[in-house]
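We number each residue from 1, following the sequence as shown. Computed from a prediction, not measured in an experiment: that's the story for all the values here.
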Amino acid sequence: MKTKILIVEPSEVIVEGLKAVLGKQTRFSLLSPLADLDDIEGKCAALKPDVVIANPTLAPDVATLLRPLYLKTAALVYQYVEPWRLSGFDLAIDIRESAGTIVKHLVELIERKSEQNVSKKITNYDLTKRETAVLIEVAKGLTNKEIADKMNVSVHTVISHRKNIMHKTGIKSVAGLTVYAMLNNLIEE
């Protein structure tokens, strides 16, 4: 099965160069590239890429936007990029590397994915019953105060549960937590 790769890069020249290098590989299937991160979660849900290669300067924290999607990510680097922008990516690709080296790094990333699927697998066994209940209410769009009132606990308790949920899942956004809850069949889609 071919690995579907999505390139998110505003420079047409860079995109065409990557397409020329990666398009020669029979194991890769290149999806239509995106120039920005507008509705990246929705587009990734529709396109279902296995790997996203993104310019790390497109948003303050690109990797955080992509993390809830449970994809492998590669930062596309062709200028100085602050190290904190690269920290959330699984791989950094420097376009000054040879075509063979870039392909080799991507293949290694893809193979690591299958080995790490067990640790990346979506699971909620770490969450307590109360944390799961809070997660469901967060996914439904309730505020901390509304959740506290519904569960007959203090707002502080709800905030503590939310911190624990974020720590255990590694997901920091409400949208990401909602996706997590849906993928674990905790709420109706």
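- For the pair His161/Leu135, no side-chain contact is recorded, criterion being any heavy-atom separation below 4.5 Å from C-beta on.
- Between Val81 and Pro56, the shortest heavy-atom contact is CG1-CG, 3.9 Å.
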Exercise. Starting from the C-alpha separation in whole Å, work towards a yes-or-no answer on side chain to side chain contact (heavy atoms under 4.5 Å, CB included) for Leu22 and Ile53.
Key: CA-CA 12 Å; Leu22 301 178; Ile53 300 173; 3.9 Å; yes

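- Scanning all heavy atoms of the two residues, the minimum distance from Leu177 to Met166 falls at CD1-CE, 4.2 Å.
- Every pair passing salt bridge (Lys or Arg N to Asp or Glu O under 4.0 Å) that includes a residue from residues 75-88 is listed here, sequence neighbours excluded: Glu82-Arg85.
- Note that CG of Leu18 is 8.0 Å distant from CD1 of Ile95, once rounded to the nearest 0.5 Å.
- At least one side-chain heavy atom of Ile110 sits less than 4.5 Å from a side-chain heavy atom of Val51.
- Within the structure, salt bridge (Lys or Arg N to Asp or Glu O under 4.0 Å) pairs that include any residue of residues 164-184 comprise Glu131-Lys168 (at least two apart or interchain).
- Proximity of Val77 to Phe89: side-chain heavy atoms (C-beta onward) are nowhere separated by under 4.5 Å.
- Residues forming a side chain to side chain donor-acceptor pair (under 3.5 Å) with Lys140 (at least two apart in sequence, or on another chain): none.
- Residue pairs satisfying the side-chain hydrogen bond (donor to acceptor under 3.5 Å, both in side chains) criterion with at least one member in residues 94-104, sequence neighbours excluded, are listed as follows: Asp94-Arg96, Ser98-Thr101.
- Under the rule for a salt bridge (Lys or Arg N to Asp or Glu O under 4.0 Å), Lys2 has no partner lying at least two apart in sequence or in another chain.
- A 4.5 Å side-chain heavy-atom check between Gln25 and Leu106 finds every atom pair outside the cut-off.
- Ser154 pairs by the side chain to side chain donor-acceptor pair (under 3.5 Å) definition with Thr157, not counting sequence neighbours.
- Shown here are the side-chain contact (heavy atoms from CB on, under 4.5 Å) partners of Lys129, two or more places apart in sequence or in another chain: there are none.
- In this structure, CG in Leu91 is found 8.5 Å from CD in Glu108, a value given to the nearest 0.5 Å.
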For residues 27-44, which side-chain N or O atoms pair as donor and acceptor with protein atoms under 3.5 Å away, sequence neighbours left out?
| from | atom 1 | to | atom 2 | distance (Å) |
| --- | --- | --- | --- | --- |
| Asp36 | OD1 | Asp38 | N | 3.1 |
| Asp39 | OD1 | Gly42 | N | 3.3 |
| Lys43 | NZ | Asp38 | O | 3.1 |

Run the side-chain donor-acceptor check on residues 3-16: report pairs under 3.5 Å with partners two or more places apart or on a different chain.
| from | atom 1 | to | atom 2 | distance (Å) |
| --- | --- | --- | --- | --- |
| Lys4 | NZ | Lys48 | O | 3.2 |
| Glu9 | OE1 | Asn55 | ND2 | 3.0 |
| Glu9 | OE2 | Ser11 | N | 2.9 |
| Glu9 | OE2 | Tyr78 | OH | 2.8 |
| Ser11 | OG | Ile14 | N | 3.3 |
| Glu16 | OE2 | Lys19 | NZ | 3.4 |

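- Residues forming a salt bridge (Lys or Arg N to Asp or Glu O under 4.0 Å) with Lys145 (at least two apart in sequence, or on another chain): Asp149.
- In this structure, Leu127 is not a member of the same hydrophobic cluster as Ile159, with clusters built from ILVMFWY side-chain heavy atoms closer than 4.5 Å.
- Using a 4.5 Å cut-off on side-chain heavy atoms (C-beta onward), Val134 and Asn164 make no contact.
- Rounding to the nearest 0.5 angstrom, the gap separating the CG atom in Leu186 from the CD1 atom in Ile136 is 5.0 Å.
- The CZ atom of Arg130 sits 3.5 Å away from atom CE of Met151, with the distance rounded to the nearest 0.5 Å.
- In this structure, the side-chain contact (heavy atoms from CB on, under 4.5 Å) partners of Val174, at least two apart in sequence or on a different chain, are Val138, Arg162, Thr178.
- Expressed to the nearest 0.5 Å, how far CD1 of Ile171 lies from CD1 of Ile165 amounts to 10.0 Å.
- Considering CG of Asn144 and CD of Glu137, their distance stands at 12.0 Å, rounded to 0.5 Å.
- For the pair Thr73 and Leu109, the tightest heavy-atom approach, listed with the atom from each and the gap, is O-CD2, 4.2 Å.
- Contacts of Lys163 classified as salt bridge (Lys or Arg N to Asp or Glu O under 4.0 Å), with partners at least two apart in sequence or in another chain: none.
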